[in-house]
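What you are looking at is a predicted structure, and each value in this text was computed from that prediction instead of being measured.
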Amino acid sequence: IMYSKLYKNAIKAEQEIVKASISDKPSNWYYGSYTENNCVYDCLTEGHVVVAFTFNTFILNKEIFETSNKVLNIAQLLDKTNELSYEPAQLVGTKNVDKDVYCILKKETGEEILFNKKHQKYFTDDVEYRVYDSKTPIKIYNSGVFMGVIMPIYKRG
């Protein structure tokens, strides 16, 4: 079950990477690995979203990232989040801001955390969002399986 859930995410990221490799535009996707609860995940990121998967569910070869120096230390980015006490947040709606649509997550305290709706496409529908605050990466799970991360939209003032 875990692989099929992770695979659905991987396909969407994979399609974007393949599209970028066919076009002349440089790909901004990077590969890295991340460990949580003694599970090692292969991850892809383009800076705003981290998609977790396993390379045996992935058509592309890890070497394409290594040969083009597209390997990032994703663990360094996320390891400090493991020390924080994340809590569940409910997806309560969306709002339009300029040309973007933001999803609104609400903590039990009432605090709202926003993220760009376009990043939602990488994750299966029945996911659980876990949040810490409005500046910290939003973690996404499905039945306890780590699915990835979406960076929140942080508005000052």
Undergrad: State the CG-CG distance between Leu72 and Leu77, to the nearest 0.5 angstrom.
TA: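 If we round to the nearest 0.5 Å, Leu72:CG and Leu77:CG are 8.5 Å apart.
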Undergrad: Any ion pair linking Glu36 and Lys139 (charged N to carboxylate O, less than 4.0 Å)?
TA: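 So Lys139 pairs with Glu36 through a salt bridge.
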Undergrad: Taking the side chain as everything from C-beta on, heavy atoms only, tell me whether Ile138 gets closer than 4.5 Å to Ile113.
TA: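 Yes, their side chains come closer than 4.5 Å.
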Undergrad: Between Val149 and Ile140, what is the shortest heavy-atom contact and its length?
TA: C-CD1, 4.4 Å
Undergrad: Quick check: closest heavy atoms across Ile74 and Ser33, and the distance to 0.1 Å?
TA: CB-O, 4.2 Å
Undergrad: Could you label the plane-to-plane angle of the Tyr86 and Tyr132 rings as parallel, tilted or perpendicular, counting under 30° as parallel and over 60° as perpendicular?
TA: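 Rings of Tyr86 and Tyr132: tilted, as their planes differ by 30° to 60°.
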Undergrad: Given side chain to side chain contact (heavy atoms under 4.5 Å, CB included), test Tyr30 with Val71 step by step and report yes or no.
TA: CA-CA 5 Å; Tyr30 285 80; Val71 177; over 6 Å; no
Undergrad: Report yes or no: do Leu91 and Tyr141 belong to one cluster of Ile/Leu/Val/Met/Phe/Trp/Tyr joined by side chain heavy-atom distances under 4.5 Å?
TA: yes
Undergrad: Where is the tightest heavy-atom contact between Asn82 and Thr35, given as atom of each residue plus distance?
TA: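 Of all heavy-atom pairs spanning Asn82 and Thr35, the closest is ND2-O, 3.9 Å.
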Undergrad: With Lys117 as reference, evaluate His119, Lys121, Gln120 under the side-chain contact (heavy atoms from CB on, under 4.5 Å) test and give the passing residue.
TA: Gln120
Undergrad: Between the side chains of Glu128 and Arg130, is the shortest nitrogen-to-carboxylate-oxygen separation below 4.0 Å, so that they form an ion pair?
TA: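 Here Arg130 pairs with Glu128 in a salt bridge, since their nearest N and O are under 4.0 Å apart.
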Undergrad: Does a side-chain N-to-carboxylate-O contact under 4.0 Å join Glu112 and Lys95?
TA: no
Undergrad: Let me confirm one number: the CD-NZ distance from Gln15 to Lys19, rounded to the nearest 0.5 Å.
TA: 6.5 Å
Undergrad: Using the rule that Ile, Leu, Val, Met, Phe, Trp and Tyr join whenever any side-chain heavy atoms are under 4.5 Å apart, tell me whether Val101 and Leu105 fall into a single cluster.
TA: no
Undergrad: If you draw a 6.0 Å radius around CG in Asp126, do more than 12 non-hydrogen atoms from other residues or ligands fall strictly inside?
TA: yes
Undergrad: Assess Lys70 against Phe65: is NZ or CZ under 6.0 Å from the centre of the six-membered ring, and within 45 degrees of the ring's axis?
TA: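 No, a cation-pi geometry is absent between Lys70 and Phe65.
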Undergrad: Any side-chain to backbone donor/acceptor pair from Asp98 onto Asp100? Under 3.5 Å, distance only.
TA: no
Undergrad: Side chains of Lys107 and Val131: does their closest heavy-atom pair fall under 4.5 Å?
TA: yes
Undergrad: Taking Asn142 for its side chain and Val145 for its backbone only, find out whether a donor-acceptor pair lies under 3.5 Å.
TA: no
Undergrad: Just verifying a value: how many Å separate Ile17 CD1 and Glu46 CD, rounded to the nearest 0.5 Å?
TA: 10.0 Å
Undergrad: Identify the two heavy atoms, one from Pro152 and one from Ser134, that lie closest to each other, and give their separation to 0.1 Å.
TA: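 Closest approach of Pro152 to Ser134, heavy atoms only: CG-O, 3.3 Å.
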Undergrad: I'd like to know if the side chain of Asn116 and the backbone of Lys118 have a donor-acceptor N/O pair within less than 3.5 Å.
TA: yes
Undergrad: What is the minimum heavy-atom distance between Leu78 and Phe146, and which atoms define it?
TA: CD1-CZ, 4.3 Å
Undergrad: Does Thr81 reach the side chain of Glu83, with side-chain heavy atoms less than 4.5 Å apart?
TA: no
Undergrad: Looking at every non-hydrogen atom in both residues, tell me the closest pair between Tyr34 and Cys43 and how far apart they are.
TA: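 Residues Tyr34 and Cys43, closest heavy atoms: CB-SG, 3.9 Å.
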Undergrad: Out of curiosity, Ile150 CD1 to Tyr122 OH, how far, rounded to the nearest 0.5 Å?
TA: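 These two atoms lie 10.0 Å from each other.
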Undergrad: Would Phe115 and Tyr129 count as a close aromatic pair, with their ring centres under 6.0 Å?
TA: yes
Undergrad: So, do Met147 and Phe123 sit near enough that their side-chain heavy atoms are less than 4.5 Å apart?
TA: yes
Undergrad: Could you check whether atom CD of Gln90 has more than 12 heavy atoms from other residues, nucleotides or ligands sitting under 6.0 Å from it?
TA: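 Counting other residues, nucleotides and ligands, CD of Gln90 stays at 12 neighbours or fewer.
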Undergrad: Rounded at 0.5 Å granularity, tell me how far CG in Asn28 sits from OG1 in Thr45.
TA: 8.5 Å
Undergrad: Between Asn73 and Gln76, is there a donor-acceptor pair closer than 3.5 Å when you use the side chain of the first and the backbone of the second?
TA: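 Looks like yes, one N/O pair under 3.5 Å.
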